[in-house]
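By convention in this document, chain letters (A, B, ...) are assigned in the order of the sequence lines, proteins followed by strands, and residues within each chain are numbered from 1.
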Amino acid sequence: MIQKEAEKIFETRELNVNMGPQHPATHGVLRLVLDIDGETIVKVTPYVGYLHRGIEKLGESLSYFQALPLTDRMDYVSAMSNNIGYCIAVEKLLGIEAPERAKFIRTIVGEMSRIANHLLWLATHALDIGAMTVFLYCFREREWILDLYEMICGARLTVTYPRVGGVRNDVPQEFLESLWKFTDEFPSRILEYETLIDQNRIWLLRTKGIGVISAEEAVNWGMTGPTLRGSGVPYDIRKHMPYDAYDKVEFEVPIGTEGDTYDRYRCRMLEMRQSNKIIRQCIEKLPPGPVMADAPKFTLQPKDKMMPITHPIKGVAYFVDEKVCKGCGMCMRACPAKAITGEKKKPHKIDQALCLQCANCFVTCKFKSMKIVPGGKGLSDEKLAELAKASIPEDIVKAAEHLVAQFEFIKKGPKAPEGELYVATEVPKGELGFYFVSDGSGKPYRMRLRAPSFIHAGCLPRLCIGHLVADVIAAIGTIDIVLGECDR
Amino acid sequence: MAVTEVRISIHPAGLNPKDIAEKIKEKFPDQVVDVTEFRDQVSVIVKKDRIVTICKYLHDDPLLSLDHLQDLTAADYLKKKEVRFEVVYNLYSIKYRHKIRIRAQVPENDTKISSVVPIWAGANWHERECFDMFGIIFTGHPDLRRILMPEDWEGYPLRKDYPLKGPEPENDWPGFTEVLKRSKELREFEWEG
Amino acid sequence: MTPEIDALIKFGINVLIIIIKIAVVLGVGLLHVAYATYFERKVIGHMQVRLGPMRVGPHGLLQPFADGLKLFFKEDILPDKADKPVFYLAPVIFMAAAMVNLSVIPFASNFVIANLNVGLLFVLAMAGIGVYGIFISGWASNSKYAFIGGLRSSAQVISYEIAMGLSLVGVMIMAGSLNLTDIVRAQQESIYGMYAIPQIVAFIVFTIAAVAETNRTPFDLPEAESELVAGYFTEYSGFRFALFFLGEYIAMFIMASMATVCFLGGWTLPWYITEVIPFINYVPGIVWFLMKVYAFIFFYYWIRATVPRYRYDQLMKIGWKILIPIALANILVTGLVKILI
């Protein structure tokens with residue numbers, strides 16, 4: 001009786017702490033609700049979705065080309081790998097293959113993004129555990145990689161450099177030289193980070209035996225990438241289902257044994273060295289040749305192939321054939337310069353002084369009333385009509401046809417065969433899978449993104465329960481999540 | 001040092017996915033509806049009734065050992081197929097390196113299917129997302145709540161009859177209108193000039 | 001002139017001297033704090049391959065004033081459900097407890113505001129009072145992060161105070177006094193010149209405990225920004241936040257001064273140095289004192305730039321299972337040696 005009374009008086013409750021979405025260590029907008037008993041975690045409930053932008057739904061409304069930049073916005077830390085994953089999936093769906101050189105370039109930039117990602121991961125993971133200097137050291141090298149990205153595509157973060165069927169443009173020689181220098185120096189830089197934390201007593205205390213997960217369990221939870229390999233499962237898509245040039249380069253895959261935070265950390269550190277090795281091999285083996293697949297039905301062709309004209313497109317004038325024009329007004333709405341005037345059901349007129357020669361009206365007209373004539377600005381209508389009567393040079397006609405075709409192609413997308421497929425690639429965080437259902441049109445009927453961060457965030461309760469509050473931070477760090485990818 | 005670098009061979013030595021499909025057909029003849037193939041990937045379309053039994057067989061069979069659930073999602077075939085929804089399981093065996101896709105048919109009037117969380121713990125969030133996006137109810141799921149959308153959201157965004165563009169501002173999600181109202185209220189505290 | 005007036009004038013002069021001393025110490029102390037932040041940012045900046053503050057003034061020299069002004073004019077946010085009087089009081093207690101210590105530190109041979117006979121105890125006692133500031137700030141904020149931070153901090157400071165106090169007992173035994181000036185004098189007269197040599201164990205224990213006592217990396221759990229946002233002062237803003245900030249840096253200065261006074265010989269130099277280089281005697285003592293203090297503070301910064309953070313249970317383990325037993329053993333050995341010799 002007395003005991004019961006006493007229990008009532010001294011009743012204890014778990015403290016319910018809300019961590020995030022605004023919290024310095026939740027890597028974005030992850031929200032965790034922790035039930036803690038003293039400092040021990042009793043229950044963890046993750047809440048995600050604060051960054052949900054509906055990329056899957058958006059993808060269904062965009063053509064295969066247009067959806068590519070969306071993938072940059074998923075894992076914005078390693079956008080390049082996401083792009084590559086998407087391109088590989090679409091290429092497989094369309095049944096095309098990128099040329100050798102493009103494959104090697106993609107492998108190079110993919111591995112660069114792996115290094116950049118692991119550097120950011122190490123920086124934030126170390127900062128969360130309290131090692132502040134590692135953070136800045138890592139950013140020094142990451143900055144170098146981002147500058148290299150800028151050299152090839154003008155963007156640092158959201159690159160959109162790979163394309164379906166290859167890459168956007170060939171890499172400049174300076175890029176390869178600078179990258180070679182980077183690979184020369186990078187191994188010594190890794191040693192620099194390791195001197196700070198690798199054998200540090202506090203680091204070992206904070207990471208060894210924390211967030212342990214066995215191999216079977218890790219597979220069962222759907223973990224992938226270094227997070228899985230830390231537990232000792234030799235699953236790397238670059239080896240299991242090789243894509244790009246991974247079957248042509250030599251590299252090893254680091255495998256842990258304990259499945260704790262320290263092993264996962266070691267795996268990533270060794271992986272950076274392997275990536276460095278892969279980049280060096282790729283630069284050495286880089287074959288010459290084109291960087292876009294020659295598949296006019298599915299890919300955008302290089303500009304000179306697309307428009308084989310000798311006249312510059314500015315050297316022409318557009319002119320409405322009064323006999324054909326039905327006066328529908330489509331071209332008036334399409335004209336950005338408002339150069340076209342006219343009433344409904346009556347032939348329109350182009351004010352040559354205002355015309356920009358943008359060809360919007362030409363593409364828009366359904367009745368083919370627009371005529372292209374060689375010439376230029378400032379010709380009178382009579383002169384144009386006269387010129388139009390004469391035969392139009394063939395290359396201009398061809399150029400016009402190409403223009404229309406290109407317009408249609410971009411607008412409607414490449415016609416994919418009907419079917420469905422799931423293609424996975426090894427992004428720095430794990431397995432990035434794309435599941436496409438195609439109904440034969442230029443847009444995916446269903447686009448599904450299997451984001452590794454999403455799965456890993458789901459494992460958080462499994463990794464945290466029973467540990468202390470400080471270990472939650474280590475666990476968030478060790479699974480390497482980016483919420484943009486998690487929420488999509 | 002605990003972490004070692006190992007060399008993993010490139011060439012797979014798994015079963016042909018068609019053989020796996022045959023095995024499933026043999027084992028569950030009344031469940032398999034169809035088998036399709038596209039770009040070397042084989043899908044087995046099954047009925048939803050015994051999905052857990054099928055998955056358990058695929059997971060536990062020592063010769064198949066499909067232990068890695070790559071992906072679990074759904075697709076909405078509104079007006080395209082007789083059965084509106086399909087829940088898609090992409091399975092892979094890390095040990096043998098073969099894979100298979102299972103598609104379970106879920107009709108519109110009965111959007112319920114058994115959960116596979118007891119087999120793959122990682123299916124937990126996938127199923128929650130499916131519920132969130134398609135409204136498919138996974139019976140036996142430990143914690144079936146909305147995951148990406150707000151908890152009081154109406155409708156299932158990835159269904160084909162759900163509009164791409166959101167509703168008009170006045171009948172938007174209540175959470176958003178609340179934020180708008182609050183921001184208007186707080187505007188009076190803003191600095192002048 | 002009557003002796004009464006004479007005594008009154010003498011008293012007046014004494015008071016004036018004390019006021020001037022206080023003004024000097026306070027002014028120098030606050031200026032020191034301002035530049036200790038600058039020093040820290042520069043040192044850590046250069047350790048981390050960056051420059052630190054560069055914009056305000058040449059090499060960012062005016063940065064501390066800019067920061068101070070900014071904090072001074074910031075809005076003072078009061079949480080809705082905070083315990084207001086206590087919330088307002090907490091930073092004052094924390095700051096005051098740290099500043100009072102300045103009065104007993106002997107900066108030079110005759111420059112000490114209050115030459116207390118129990119100076120050492122006074123410093124330890126004031127450190128104890130500072131915990132109240134931390135704890136009630138965490139409690140009064142009515143925020144869970146601040147609460148956990150306050151709890152952690154009080155537990156930590158109390159545990160490490162024991163280790164620190166015990167490590168100083170060896171010094172007391174050797175010097176035979178609790179007066180800080182006497183301790184310095186005793187060191188000067190001893191054959192070692194500074195107690196850091198015979199009391200090396202105590203010195204190491206003291207150094208570790210001092211880092212923990214001031215909540216600095218790797219023992220900065222109460223304010224571990226990756227876990228608890230900012231710990232006990234999460235809810236503070238503006239000038240109240242600045243008070244905590246000042247208090248922390250003054251506490252650092254006090255700890256560095258204590259190390260200098262008790263282990264490194266204060267303003268004096270060991271005889272074996274002055275014998276070799278005699279003209280070094282002409283350098284005023286305050287210079288040596290400040291150099292030692294800054295060396296110690298530099299050590300603080302160096303640690304911060306190098307090591308990760310301990311976990312709470314590991315920190316307590318170090319305090320109770322390692323530092324306190326070592327300090328006790330040190331007392332035993334020191335006592336035995338003292339008796340035998």
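Looking at heavy atoms from C-beta onward, A/Glu56 lies in side-chain contact with B/Glu129 at the 4.5 angstrom threshold. Side chains of A/Glu60 and B/Lys160 form a contact here, defined as non-hydrogen atoms less than 4.5 Å apart. At a threshold of 4.5 Å between non-hydrogen side-chain atoms, the residues A/Tyr47 and B/Arg145 count as touching. Using a 4.5 Å cut-off on side-chain heavy atoms (C-beta onward), A/Val48 and B/Trp125 make contact. Using a 4.5 Å heavy-atom threshold, the side chains of B/Met133 and A/Arg448 count as separate. Within the 4.5 Å cutoff, side-chain heavy atoms of A/Glu420 are placed close to those of B/Thr36.
Sequence neighbours left out, the pairs with a member in residues 449-460 of chain A that pass side-chain hydrogen bond (donor to acceptor under 3.5 Å, both in side chains) are A/Ser453-A/Glu485.
Looking at A/Leu93, both its backbone and its side chain come within 4.5 Å of chain B, counting heavy atoms on both sides. Heavy-atom distances place the side chain of A/Glu250, and not its backbone, under 4.5 Å from chain B. If you measure heavy-atom distances from B/Asn124 to chain A, you find no contacts under 4.5 Å at all. Using a 4.5 Å cut-off between heavy atoms, B/His126 touches chain A through backbone and side chain atoms alike. With a threshold of 4.5 angstrom between heavy atoms, B/Glu151 approaches chain A through side-chain atoms but not through N, CA, C or O. For chain B, no part of A/Ser438 is nearby; none of its heavy atoms comes within less than 4.5 Å. Heavy-atom distances place both the backbone and the side chain of A/Leu421 under 4.5 Å from chain B. For B/Arg146, no part lies under 4.5 angstrom from a heavy atom of chain A. For B/Lys99, the part lying near chain A is the side chain, with the backbone staying farther off; criterion is any non-hydrogen pair under 4.5 Å. Contacts of B/Arg159 with chain A are made by backbone atoms alone, with heavy-atom separations under 4.5 Å and no side-chain atom involved. Using a 4.5 Å cut-off between heavy atoms, B/Tyr92 touches chain A through its side chain atoms alone. In this structure, the portion of A/Tyr435 lying under 4.5 Å from any heavy atom of chain B is its side chain and not its backbone. Neither the backbone nor the side chain of B/Ala123 comes within contact range of chain A; no heavy atoms are under 4.5 Å apart. Only the side chain of B/Gln41 comes within less than 4.5 Å of a heavy atom of chain A; its backbone N, CA, C and O stay farther away. For B/Leu69, the part lying near chain A is the backbone, with the side chain staying farther off; criterion is any non-hydrogen pair under 4.5 Å.
The environment of CD in A/Glu97 is sparse: at most 12 heavy-atom neighbours from other residues, nucleotides or ligands sit within 6.0 Å. Within 6.0 Å of NZ in A/Lys43 there are 12 or fewer heavy atoms belonging to other residues, nucleotides or ligands. With a 6.0 Å radius and a threshold of 12 heavy atoms from other residues, nucleotides or ligands, B/Lys112 has its NZ atom at or below the threshold. The number of heavy atoms from other shown groups lying within 6.0 Å of CG (B/Asp40) does not exceed 12.
The aromatic rings of A/Tyr235 and B/His68 sit perpendicular to each other, their planes meeting at more than 60°, with 30° as the lower class boundary.
Taking every heavy atom of both residues into account, B/Ile94 and A/Leu228 meet most closely at CD1-CD2, 4.4 Å.
Among A/Val219, A/Val253, A/Val437, the residue making the largest number of heavy-atom pairs under 4.5 Å with chain B is A/Val253. Heavy-atom pairs under 4.5 Å with chain B were tallied for A/Arg273, A/Met223, A/Glu418; the largest tally goes to A/Glu418. Between chain B and the residues A/Tyr50, A/Phe454, A/Tyr422, A/Phe251, the most heavy-atom pairs under 4.5 angstrom are made by A/Tyr422. Residue with the most contacts toward chain B among A/Pro46, A/Cys459, A/Gly433: A/Pro46 (heavy-atom pairs, distance under 4.5 Å). Most heavy-atom pairs under 4.5 Å with chain A, from the set B/Asp71, B/Val88, B/Asp67: that is B/Asp71.
Under the 3.5 Å distance criterion, the side-chain polar atoms of A/Lys57 are matched with a main-chain donor or acceptor of B/Pro157. At distances below 3.5 Å, not a single donor-acceptor pair connects side-chain atoms of A/Asn220 with backbone N or O atoms of B/Gly122. In this structure a side-chain-to-backbone donor-acceptor pair under 3.5 Å is missing from A/Arg446 to B/Asp76.
With rounding to the nearest 0.5 angstrom, the CH2 atom of B/Trp120 is 13.5 Å from the CD1 atom of A/Ile455.
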